[in-house]
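Notes to accompany the following structure.
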Amino acid sequence: QVQLVESGGGLVQPGGSLRLSCAASGFSLSHYAIGWFRQVPGKEREGFACISGDGDENYGDSTKGRFTISRDNAKNTVYLQIHSLKPEDTAVYYCAAESDSDCNVGGIKYWGKGTLVTVSS
């Protein structure tokens, strides 16, 4: 009943762009900080972007300038727009609702199941 579902992943060429979606069901995302994470098999899951309940954006050094996080509360959805994709961006991308409205303060309340992004020619 309570779910986060990522979509929009797939195969894209280097230099291309992609928009990922994180749609919530069974609860409202409007007052949660929502983070994006990615994971390569055998490595730890890494957070790289977050948007607060007030809409403030936070990015890691490796993604700032190429990644844009946004939210549409009317659609109960958070988006991740990615430009200039690189092969090293290949990973499973997850969204997560944090237990606080401010980014990187609370723990993870809900995880999505992930969507695979493959960057290759």
Side-chain angles (χ1 to χ4, degrees):
Q1 189 174 41
V2 175
Q3 289 185 320
L4 285 173
V5 180
E6 302 94 337
S7 62
L11 177 64
V12 63
Q13 295 183 7
S17 61
L18 206 61
R19 188 177 77 162
L20 306 183
S21 298
C22 173
S25 299
F27 74 105
S28 176
L29 288 177
S30 62
H31 295 106
Y32 290 92
I34 306 298
W36 281 97
F37 300 75
R38 62 186 182 183
Q39 186 172 27
V40 176
K43 298 183 179 180
E44 293 186 1
R45 192 170 299 183
E46 176 188 19
F48 60 88
C50 181
I51 185 166
S52 74
D54 291 331
D56 297 324
E57 303 165 35
N58 301 97
Y59 302 97
D61 291 338
S62 64
T63 54
K64 186 175 178 63
R66 297 192 299 117
F67 288 47
T68 302
I69 189 170
S70 62
R71 65 161 74 232
D72 186 339
N73 289 335
K75 295 182 178 180
N76 211 23
T77 300
V78 169
Y79 302 97
L80 181 71
Q81 184 72 46
I82 316 173
H83 296 287
S84 301
L85 279 159
K86 305 174 181 179
E88 52 263 43
D89 293 323
T90 296
V92 177
Y93 284 71
Y94 301 87
C95 65
E98 301 181 7
S99 59
D100 199 276
S101 61
D102 293 326
C103 287
N104 305 318
V105 175
I108 303 300
K109 189 171 184 178
Y110 303 116
W111 283 104
K113 293 183 178 180
T115 185
L116 176 63
V117 173
T118 303
V119 184
S120 177
S121 60

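From a predicted model like this one, the values you see are computed outputs, not experimental measurements.
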Can you confirm whether more than 12 heavy atoms, excluding those of H31, are under 6.0 Å from its NE2 atom? no
Minimal non-hydrogen separation, L4 against A24, with atom names: CD2-CB, 3.8 Å
Where do Y94 and G112 come nearest, in terms of heavy atoms and distance? CD2-O, 3.5 Å
So do E6 and Y93 actually touch side chain to side chain, heavy atoms under 4.5 Å? no
Between S28 and N76, is there a side-chain heavy-atom distance shorter than 4.5 Å? yes
So does I51 get a backbone contact from the side chain of E57, meaning a donor-acceptor N/O pair under 3.5 Å? no
W111 ring center within less than 6.0 Å of F37 ring center: yes
Inspect the surroundings of CD in E88 and state if more than 12 heavy atoms from other residues, nucleotides or ligands are less than 6.0 Å away. yes
Atom of Y59, atom of F67 and distance for their closest heavy-atom approach: CE2-O, 3.2 Å
Counting only N and O atoms by type, is there a donor-acceptor contact under 3.5 Å from the side chain of S52 to the main-chain atoms of D54? yes
When rounded to the nearest 0.5 angstrom, what is the spacing between CD in Q81 and CD1 in I69? 12.0 Å
S120 vs T118, test: side chain to side chain donor-acceptor pair (under 3.5 Å). Steps then yes/no. CA-CA 6 Å; S120 177; T118 303; over 6 Å; no
Taking the six-membered ring of Y79, is the NZ or CZ of R71 close enough (under 6.0 Å from the centre) and on axis enough (within 45°)? no
